[in-house]
Every structure is written in C-alpha cells, then in structure tokens.
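Working notes, structure below.
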Amino acid sequence: MQNQNYLEQVIDAMPAGLVVLDAGLRACSINPMMADLLGVPDGLLREQRLALGDLIPCPELARHATEALASGEPHDHVLVTLDGRADGVRYVDFNIRRTRKDGAWLLLLIGQDITFHRKARLRLQESEEFFRLTFNQAALGIVLLKADGRVLRTNSKMSQILGYSEVELLQRFFQQLTSPEDLAEEELLIKRLKSGEIGEYQHEKRLLRRDGARVWVSVNVSVMRDANGSQRFICVIEDIQRQKHAEDALLRMANHDALTGLPNRVLMQDRLGQAIMHALRAGRQVAVMFIDLDRFKHVNDSLGHDAGDGLIVEIARRLSSSLRESDTVARQGGDEFVVVLPDLAGPDDAAHVARKLLESLAQPLTLCGQEVFPSASIGIAMYPRDGQDSAGLLKSADSAMYGSKGQGGNHYSFYTAEMGAQAVEYLRMEGALQRALQRQEFLLHYQPVVDIGTGVVSGVEALLRWQPQDRAMVSPADFIPLAEETGLIVPIGEWVLLTAMEQQVKWRNAGLAPVRISVNLSARQFLGQDVAQCVAGLLARTGCDPRYLTLEITESVLMENPVAATETMGRLAAMGVQLAIDDFGTGYSSLASLKRFPIHSLKIDRSFVMDLTQDADDAAIVNAVIALAHSMKLNVIAEGVETHEQLAYLSKQGCDQMQGFHFSRPVEPGRIEAMLREAETVPYN
C-alpha cells in the first residue's frame, strides 16, 4: 500500500500527462496533468470508464493505440490536436507503451504538451517563408557579404541589375563588382564599418554589369553578426541609372544649348570669368569673339526652319573643330555664337584664329538639296584693353561684330572706340519702334492653350506683332531684341498688358466663359520697373479678372536676381494673378531652384517637343521635367506641338496642356472669339 501511494504521488507529480487504458481502450485512470490538458472534471473516471474516442477524439491516436495493444511495439510522437479549448488549440505529443497488470494488458498514453514549441516553430517557419519571399521579390537588390567582401547571399533583383545569375554572384567579391573609380571610397567606408567607427553608410556608386557596362546605384550598407558572431554586411541596392540619366540631362540642359549641345550663355560667362582671372594673374590676354551668321534669316525664309537648324548645327561643329581644347565656343542664341580664347599673347593670336574660323565657316554645304555658302561677321574684344569684366568684353565684341556687318560680312573686326555705324542703325530702328507705338502699328494675335485631357480650349497666349504702315510685317525675332536692349520693350510691354486685359473684358462682355490670357513679361519689364504696381494699375483700369490672367517669365530672367524676383512674384500672386515659367530648359535654372518662386505653371520649350518622338534624349528630358514638375504641384504646358504623335506622347506622359500648330496658329481676336465659342460646345480631340 505504501508503494502504491508512492507510485501514485510520482504519477500525479509527473510533468507529462498520463492516461491508462484497459484492453478495451477505456480509460482506467488519468493523472492531474492529463485531466487538466483534456479538461476532464474531477471524479469523472471514477463514475465511468470513458472510451478513448470519447476522451480524446482522434482516430489517428486510436489507430496507434490499437496497433500498440496488439503488437506490444511502442509508438512514439503521435501528434494530437485538441480543439475547442478556451485558451485555443493545443498540441500534444503522445508516446504509447503496453504493460501488464494482474494478467491483463494495459496501455500507457504519455502525453507532452508541445503547444508552445510547435507554435514557435510554425511562427519561425512562417517568418522564414515571409523573409524568403520578401528577399526574392523585393524591388531592391539585397546582398549579404562576408567580412572579406565575398557574396554569401543575393536576390533575383540583384541578378537583374547586374546581369549575373545568382550562382555567378556567389562566386564573386564586392570589389570585383565595384567600378574601379569608386573602389577606393567604398573600401574606406567598409574599413570604418569594420572598426565600429560607423554602424551603416549610404552613398551612390557605380557597379560593373556582366557585360562590362557601369550602372549607377544607391547603396545602403549595415553591419551585423551571424549566429557564430562573425561580422557580416547587409547591402540594400537601388538601381538609379535612369534617375542619373535624367539628372545629367537636366544639368546639361541647364548649361548647354539644346540644338547644338554647345555651352550656353551662362556656362560661357563662367568660363570667361575664369579666363579673365587667370590672365590677370599670369599677365596674359583673353580674346572674346562675337560671331553672327550673315544672311541667316534668308536661309530660314527660303529653305525653312529645319534647314536653318541644320545650318546652326553644322556651324557649331565647324567652330568647335577649329579651336583648341582650352577654348570655349558657346551659342548665344539664334545665329549668334561667342568664342572665348584664353591665355593669348596679344591681338595677333586672336586675328589668326579669326581667319581660320572664317575659312572653315565659308566651306559650302548642302541643305534641302540646295548648296549654301555660309559666312559670318566676327567682332573681337581683347582683355584687358577693351573691357575689364565679362559684360564689358561681350558688349565690346558685339559692337565690333556690327562693324564687320557694316563691311558686308565675312569679315572680322577688332573693337575700337570709334565704332558707331551700328549705333546709327539702332537709332533708326529705335525711332521706327517709337513711331510704331504712336501710330498704333502693334497688334496682338492669340494662340489657344488646350487641355490635353479634355481637349477643351482653356486659355490663350497673347503674342505681339508689328505691322508697319509702309512695309511688310516685321518678325518679332527682328525687333524684340532691339526693343529689349533699348528699353522700348517697357512701354511696348505695358501696351501688350493693357490690350490683352481689355480683350479679356471684351470677351467676357460678349458672353464668353472666362478666358485665361497669358502674357509674356520681358526682362526689362520684370527687372527694370515696378511691374507689380503696373499690373495692379492696369487691372483696376480695365476691370480684368486677375484670376484669369497669367504672366509668363523666362527662367533666365528669374535667376538674374532671385531675391527681387521672389518679392515681385509674391506681390503678383497676392493679387490673384497666376505665374508661369516660359521656355523652360533654354536658361540655366533647375526645378529645385524654382521652388522658391510662387509659380503655377511651367512651359516646356518647343526645342524639346520638336523631336520628342524620334530623339530619346529629348523624350527623357520631357519625361523628367513633367514628373518633377508634377511632384512640385506645377501645371505643365508643352509649346510647339505640331503633330498628332507629339500630342499622343505628351498625353501618355501626363502633360497637362499644349499649344502649337497642331491645334492652331496664332490668330487675330475675331477668329479666336469664334474658336472659343465653338470650343464651348465641341471639344478638340
């Protein structure tokens, strides 16, 4: 009896559950651990012997029990799932043993509650599967490195970025995958990571693809320890090749001419400034050449603008190929070029280069099947004789160029103080412009601005035209630069503003829906007078609704004096006037620099739209500008849309509005009114 009590105490204190079954598979006894696990009330087995199937409803357990009872062989690790418990599903691992007592067979079912361990293992398996799927399907490349740089693990995105299979990557070191130009910096960062000086780092670098090409990536590297305490590096890699291309395109766009690829005015002035500083220190001279093609307008008028552009590109090539690597040739705009010759001994060196350039430019070429013999007029200014800074030298070279023009072209001239022939011509043209205002020879044409998504005419741009009384209409390209230079653009610009505002009111009084009118502000208007006060006065005078007035400013004008520009634009915006950046891409700003200004719209210059569907570079630039502008909540308008293909491409890229010959040329007010009335009922598709 004492032994039996002792045995019962041992069984009751067992950390495992125990059920004793008779030969009929009915429960004879159960210890407290098993009773608690199965939820069996105290005393239940004293009242009746429950069948195994009633006590533990598990056919698999019953099958193993039957086999163990018949054969005497032990059955281990029989997993039983217990449902319906208040604390959730429980998992019990049973070991089954046959024994004999008083001549009868008994079965011992010893159950171990493995719920915690099983759930932990399931969670671990789930976590490992989640990690595996995430690792392999991640949109970023992920690489695990040993301390010596060997690749231990990588994902499919990394293989996609570099063109290697996963097996090939596992046979390489990061040093082999890093571009030699970036390897020294990378090894220094890894060294700091190993020493514990830093815990992680992020930078941009170039990796080597399997085909040898370099690809820009953004790399984030962190240090970790594996189960053995060995140092490992986890690298998260983002392919930024397209982003880099877009950034390079925008940077090039900011500093280079879109048509020729030459440095633009801003980059040229920077290089001229550097040349002047070097010459001052070294006691040398600098030559500045202002080059203007002779009779270029005749090429445009007779052969078309495409031929004119082809001539400009060829002239740019000839100039570049005739100069030293240290020289700079830049496109000033239109058919004007500037050449900077640093580190000269004197004017004779400049004269030698000028003769060489004239000879190169004079070689014939074929445009549209027509043989053309180009020539140019060159004006030369010398530092320090003709100017002490960039502005002075450029002005002197410009004046000298007009001296060459006065000699019939295809000539070079050095600047002299007596030069005045061009000044006389300027006075004549200035007088004609003055009389044009008095005689009311100016008029406005309007070009529709169309919403690409809906096809609705959402506004118009006012464009200045000059129709002298005694001769043919003068191209804006011929008189606006002179008006800008002489300051006449200020009264002319005020007349344009007044006339456009009055036209808006006329259309409103004629019953048209509100029409947004866009008006260009010249550099002189914007920088040389209180344009905000002028606009406020004209708004009050005409009754024009400022909410439907947009003022367009070129990006180069804004960047001449950003502080003053911000203040002026803030005052205009406070009146309700909207502001747009015109000809984006032809100046030297960036979208980031435009953040400071309260602008609403950005107009992509027509030079990028022209070859949009054929030139991948133009397309990449337009895509980048649209995406970045939209990220800044700016409305995007494409200028110079002339074909259905261009329109379809812009629509696909999410460009908001367009204007161009594909919809309409600029027309007089009467025709625009009819067009606006028609557009109210029949949208353009």
Any residue meeting salt bridge (Lys or Arg N to Asp or Glu O under 4.0 Å) with [X], in chain and number order, not counting sequence neighbours:
| X | answer |
| --- | --- |
| Glu200 | none |
| Asp182 | Arg206 |
| Asp211 | Arg209 |
| Arg606 | none |

Among pairs that include at least one residue of residues 149-179, which meet ring pair (Phe, Tyr, Trp, His ring centres under 6.0 Å), considering only residues two or more places apart or in two chains? none
Which residue pairs pass the ring pair (Phe, Tyr, Trp, His ring centres under 6.0 Å) test when at least one of the two sits in residues 184-236, sequence neighbours left out? Tyr201-His203
I'd like to know if [X] and [Y] make a salt bridge, using a cut-off of under 4.0 Å between side-chain N and carboxylate O.
| X | Y | result |
| --- | --- | --- |
| Arg318 | Glu314 | yes |
| Lys205 | Glu185 | no |
| Arg153 | Glu166 | no |

Whether His644 and His662 hold their rings parallel, tilted or perpendicular, with breakpoints at 30° and 60°: tilted
Are more than 12 heavy atoms from other residues, nucleotides or ligands located less than 6.0 Å from atom CZ of Arg242? no
Test side-chain contact (heavy atoms from CB on, under 4.5 Å) on Met158 and Leu162 and set out the steps. CA-CA 6 Å; Met158 200 65 231; Leu162 294 181; 3.5 Å; yes
